[in-house]
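Below is one structure, written out as structure tokens, with a few remarks after it.
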Amino acid sequence: MGASELRLRVEGHEIAVTNPAKLLFSDDHISKYELIDYYRWVAPRMLPFLRDRPIALERYPNGIGQVGFFQKSVPSYFPDWVKTIEVEKKQGGVTRHVICNNGAVLVYLANQACITPHIWISRVDKLECPDQMVFDLDPSADAFDWVRAAALALNELLQELTLSAYVKSTGSRGLHVIVPLKRTESFESVRAFARAVAMRVVMEEPSQRTLQQRTGSRHGRVFFDINRNAYAQTVAPPYAVRARPNASLSIPLFWEEVRSKTLRPDGVTLRDIRKRLDGMIDPWADFWRRASALGSARRKLELLGVSVRVPQKAKFR
DNA sequence: GCAATGA
DNA sequence: TCATTGCAACGCCAA
DNA sequence: TTGGCG
């Protein structure tokens, strides 16, 4: 296992794989080559969720047992066939991000020890308007039954509002609930809507659910994180590998699976997934045909007595 | 992971 | 040539 | 304004 190197040809691009045998998940003996091989295999399913979005890289060059880092800006040594986009930061300045529209880029990123590529929830041709609304349900401790119940309650309300919601494991400790959107609303109004929905679901079971972002204020409850619904914020996409034991994955689920006590948020791994997907219908097959506008849903929500307003930043003088 | 730096 | 070092995010919100 | 948080 020396500093060997091999070359892969992916979609017409020659990619040098450095240190293929290096263990990125040392407890599980999962090498960088195995990560690369996974992303090459999963690319056809995963790429629709990456396409035309700025990407942030979560990298672990020395494996998940060592410190890793987030990387947004594209290093100058990336090859020119890796497409990029320059985006404005909210507080001024610009950053040039990777766009991952093909398997070659996904493989190249994996060779960079990018274990998880994180996506924006808006696309390059309309960065100010998200095409999905994200609810990240995160337990404080090992309370996954509460997460399942919270996700089901959230889905029930979203259905009442005639919104289509999709659920996936995070590959970590929680679940993601995603509503595909038409790109007609700003991040501020989408976030305000998500906050109002989350507030209502939290109030149904306040001893199990919270909107408190400080961990010390959660008291064991499930945190409804709606703050990913913001400009330049990112979320782990479907099929992403997580920097967790067993190389667990974020995986699309059927709502019916969320009713099962045996569901685990980290139960499918880089090594398991082929047998899960074999012959299985895609739970998210209709995702891109189900985009909603929020207008009528907002009116229905207000009829339920929930105020949906964008908090105004105080600005005197 | 990589490029720049220095021994 | 080899070993070391520096570098690689940012927005929301509550305190 | 800072710093926790994801």
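Chain letters run A, B, ... following the sequence lines, proteins first, then strands; residues in each count from 1. The model shown is predicted, which means the values in this text are computed figures rather than measured ones.
Across residues 207-243 of chain A, not one residue has a non-hydrogen atom less than 4.0 Å from an atom of DNA chain B. Of the residues in residues 102-127 of chain A, those lying under 4.0 Å from DNA chain B by heavy-atom distance are A:N111, A:Q112, A:A113.
Between A:R242 and A:D266 there is no salt bridge, since no side-chain N of the basic residue sits under 4.0 Å from a carboxylate O of the acidic one. Salt bridge A:K90/A:E188: present, at least one basic N to carboxylate O contact under 4.0 Å. Residues A:D278 and A:K275 are not paired through a salt bridge, judged by the lack of any N-O separation under 4.0 Å between the basic side chain and the carboxylate. In this structure, A:E185 pairs ionically with A:R298, as a charged nitrogen and a carboxylate oxygen lie closer than 4.0 Å. Taking a cutoff of 4.0 Å between a charged side-chain nitrogen and a carboxylate oxygen, A:R51 and A:D131 do not qualify as a salt bridge.
Checking the phosphate oxygens (OP1, OP2) of C:dC13, a side-chain nitrogen or oxygen of A:R195 falls inside 4.0 Å. Checking the phosphate oxygens (OP1, OP2) of C:dA9, a side-chain nitrogen or oxygen of A:S73 falls inside 4.0 Å.
Across the protein-nucleic acid pair, A:R96 atom CZ and C:dA9 atom C1' stand 17 Å apart, rounded to whole Å. As rounded to whole Å, 18 Å separates atom P of C:dC7 from atom CZ of A:F78. Atom CZ in A:F187 sits roughly 10 Å away from atom P in C:dC12 (whole-Å rounding). Rounded to whole Å, atom C1' of C:dA8 lies 13 Å from atom OH of A:Y60. Here C:dA9 presents its C1' atom at 13 Å from CZ of A:R59, a figure rounded to the nearest Å. Atom pair A:D136:CG and C:dC12:P shows a separation of 16 Å (rounding to whole Å applied). Following rounding to the nearest Å, A:K89 (NZ) and C:dC12 (C1') show an atom-to-atom distance of 17 Å. B:dG1 atom C1' lies 11 Å from atom CG of A:L24, rounded to whole Å.
Nucleic acid contact for A:K90: sugar-phosphate only, since backbone atoms but no base atoms lie under 4.0 Å from a heavy atom of the residue. Among the atoms of the strands shown, base atoms are found under 4.0 Å from some heavy atom of A:F69.
With 3.5 Å as the limit, one finds no donor-acceptor pair spanning the side chains of A:S172 and A:T170.
The side chain of A:K72 lies closest to C:dA9 when the candidates are B:dC2, C:dA9, C:dC13.
Each of A:E188 and A:F70 lies near DNA chain C, and the nucleotide nearest A:F70 is the one positioned closer to the 5' end.
In this structure, A:S26 contributes its side chain and A:L23 its backbone to no donor-acceptor pair below 3.5 Å.
Comparing D:dC5 with C:dA9, their C1' atoms sit 13 Å apart, to the nearest whole Å. Only the C1' atoms considered, B:dC2 is 24 Å distant from C:dC10, to the nearest whole Å. Nucleotides C:dG11 and B:dG1 are separated by 27 Å at their C1' atoms, to the nearest Å.
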Q | Worked verdict on A:R96 versus A:T84 for side-chain hydrogen bond (donor to acceptor under 3.5 Å, both in side chains) | A | CA-CA 6 Å; A:R96 184 166 286 280; A:T84 65; 2.8 Å; yes
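Contact between A:C100 and A:V105 at its shortest, heavy atoms only, is SG-CG1, 3.8 Å.
Heavy atoms from other residues, nucleotides or ligands lying under 6.0 Å from CG of A:D125 number more than 12.
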